[in-house]
Amino acid sequence: MAGRKGPLDFVRPHLLTLAPYEAVDPPDVLAEKAGMPESQTAKLNGNENPYGPSPRVAEMIAAVNRMHIYPDPGQVAMRTALGEFLDVPMDQIVVGNGSDEIIDLVFRCVLGPGDAVINCEPTFGMYEFTAHVCGGRTVTVERDERFAVDVDAVLAAVDESTKIVAIASPNNPSGNCTPLADIERLLAANVLVLVDEAYVEFGGTSVGTWVARHQNLIVLRTFSKWGGLAGLRVGYGIMDSALADLLLRAKPPYNVNQASEAAMLATLSDTDTLDQRAALIVGERKRMSAALAEMPGVEPLPSEANFLLCRMPEGRGKAVYESLARHGVFVRYYSRASLADYLRISVGTPEQTTQVIEAMIQSLAE
Ligand SMILES: *Cc1c(COP(=O)(O)O)cnc(C)c1O
């Protein structure tokens, strides 16, 4: 008789080799590593909003008076408010526990064994990670040396097994947008095109209203960056109403909790505040970019997002990253070879910009 099975013998085999998503450490852990109080450090590795949420968010969460009741699985209040904000019909909208959950839902509903997602590297890690979890494949099409999507190569890579082309625009980590004409060309292919607009409030043009014309378009947006709600997890997808209806049926029924719902509605009632803060961040992005461009061997790439991808003097990316951390400035370093000379620096407050500039000058001199 065969031996008794252990719990991992029941797991889907492709998951046994799953690498964890490389998430960033929380600020207290980073401060402890740097050996300084958290208040003296600058956490610029997660593209979070340094100003936090709208002040109305805490008020509206405190006013929630039905926490003992499950949230609305149909998300009617949130989808109605978003529909007005975006000028798209609410039946094209699905709200998720972060836009990460919309990626997960789409991939779970779409990818069967052997099905492929075309991924334009370097880009956001969740597309590859989620495709793997769902049992699909990732086909990588490298971006060009300026990190533009190689549309011809993507179209050439589409075959019978291709279900989704994933495009972050503005792209994380490079900060550049994919031109609208390129998105039009991708939409002409016989695949779903996922356009992730997590940073669109800082630059670029949303294609959210294109869904009426393009049934194969899925647009992702989030409250994590512009809205300062990364910790509450609210994102959404805009897509053809038939696909939205399917996702609404397939999702965990109570996926967005009442605190997150209150936070989203409060944010949508206070967009002027968030837009003003986004304008401050864009101003700091310009100031930081100009200052970094003055430093020998340093090249910040043009960015439409709330971060800069910045090339360091050749071979020094990791050393500068480690030195910045010793100065209490936490940025993002990538292990991938094509980004070895680059650091991604989130744009924060004016004080944080100054701190980055000073620490960078010292780190480069070491
Ligand atoms: C930060 C980010 C998101 C946001 O994900 P949430 O789950 O909504 O917090 C989505 N896409 C990209 C490209 C991002 O960088």
Side-chain angles (χ1 to χ4, degrees), residues 21-24 26 43-50 52-53 57 75 78 82 93-108 117 119-131 133 138 143 147 149 164-178 183 193-204 206-208 218-239 247 251-252 255-257 259-261 263-264 267-268 274 278 281 285 303-309 331-332 334 339 344-348:
Y21 180 74
E22 275 184 58
V24 292
K43 183 182 185 296
L44 300 174
N45 57 4
N47 301 341
E48 289 124 332
N49 193 317
V57 166
Q75 309 174 333
M78 288 187 288
L82 278 172
I93 300 169
V94 182
V95 187
N97 191 265
S99 49
D100 286 354
E101 188 184 34
I102 307 292
I103 298 171
D104 184 67
L105 276 172
V106 169
F107 285 22
R108 270 199 287 145
V117 177
N119 197 31
C120 301
E121 294 275 9
T123 192
F124 188 46
M126 283 303 287
Y127 316 128
E128 179 165 31
F129 172 82
T130 308
V133 173
T138 309
R143 287 168 176 257
F147 301 107
V149 171
I164 299 168
V165 174
I167 305 282
S169 182
N171 186 44
N172 177 5
S174 53
N176 57 318
C177 286
T178 295
I183 293 175
V193 178
L194 182 100
V195 178
D196 183 344
E197 298 185 339
Y199 301 98
V200 77
E201 294 88 351
F202 303 99
S206 175
V207 295
I218 301 171
V219 179
L220 300 184
R221 305 266 305 254
T222 181
F223 284 78
S224 294
K225 314 291 164 46
W226 166 80
L229 296 180
L232 283 178
R233 318 297 305 122
V234 199
Y236 55 98
I238 311 165
M239 66 201 80
L247 257 57
K251 74 178 176 60
N255 62 324
V256 180
N257 68 65
S260 301
E261 170 176 336
M264 175 209 267
T267 305
L268 291 179
L274 282 310
I281 291 168
R285 177 180 79 204
S303 169
E304 309 251 39
N306 65 344
F307 55 83
L308 290 174
L309 189 68
V331 303
R332 189 84 192 249
Y334 296 89
L339 291 179
R344 191 195 69 191
I345 311 170
S346 306
V347 179

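In each ligand, atom 1 is the first atom listed, and ligand 1 is the first ligand listed. Atom set for the values below is all heavy atoms of this structure, side chains included, hydrogens, waters and symmetry mates excluded.
Atoms of ligand 1 found under 4.0 Å from any heavy atom of A198, numbered from 1 in the order shown, are 2 (C), 3 (C), 10 (C), 11 (N), 12 (C), 14 (C). Residue contact check: K225 has heavy atoms under 4.0 Å from atoms 1 (C), 2 (C), 3 (C), 4 (C), 14 (C), 15 (O) of ligand 1. Each of the atoms 6 (P), 8 (O), 9 (O) of ligand 1 lies under 4.0 Å from some heavy atom of S224.
Remark: distances from the non-hydrogen atoms of F223 to ligand 1 are all 4.0 Å or more. Residue contacts with ligand 1 include D196, since one of its heavy atoms falls under 4.0 Å from the ligand.
At the top of the distance list for atom 5 (O) of ligand 1, counting protein heavy atoms only, stands S99 OG, 3.2 Å. From the protein, the heavy atom lying nearest to atom 15 (O) of ligand 1 is Y199 OH, 2.6 Å.
Ring geometry for W226 against F223 counts as tilted: the plane angle lies between 30° and 60°, on a 0 to 90° scale.
When side chains are defined from C-beta on, F307 does not count as touching R332, because their heavy atoms never get closer than 4.5 Å.
The structure places CD1 of I103 at 6.5 Å from CG of L194, a figure rounded to the nearest 0.5 Å. The CG atom of L274 sits 14.0 Å away from atom NZ of K225, with the distance rounded to the nearest 0.5 Å.
Using a 3.5 Å distance cut-off with no hydrogens or angles, the side chains of R344 and N172 do pair a donor with an acceptor. At a cut-off of 3.5 Å, with distance as the only test, no side-chain donor of D104 or T130 sits close to an acceptor on the other residue.
In terms of polar-atom proximity, T222 is counted as a contact of ligand 1, with an N or O under 3.5 Å from an N or O of the ligand. Checked by distance only, ligand 1 and R233 come closer than 3.5 Å through their nitrogen or oxygen atoms. Between N97 and ligand 1, a contact under 3.5 Å exists for no N or O pair.
Between the side chain of N306 and the backbone N or O of N47 there is at least one donor-acceptor pair closer than 3.5 Å. No donor-acceptor pair closer than 3.5 Å links the side chain of N119 to the backbone N or O of G125.
Only side-chain heavy atoms of N172 come within less than 4.0 Å of ligand 1; its backbone N, CA, C and O stay farther off.
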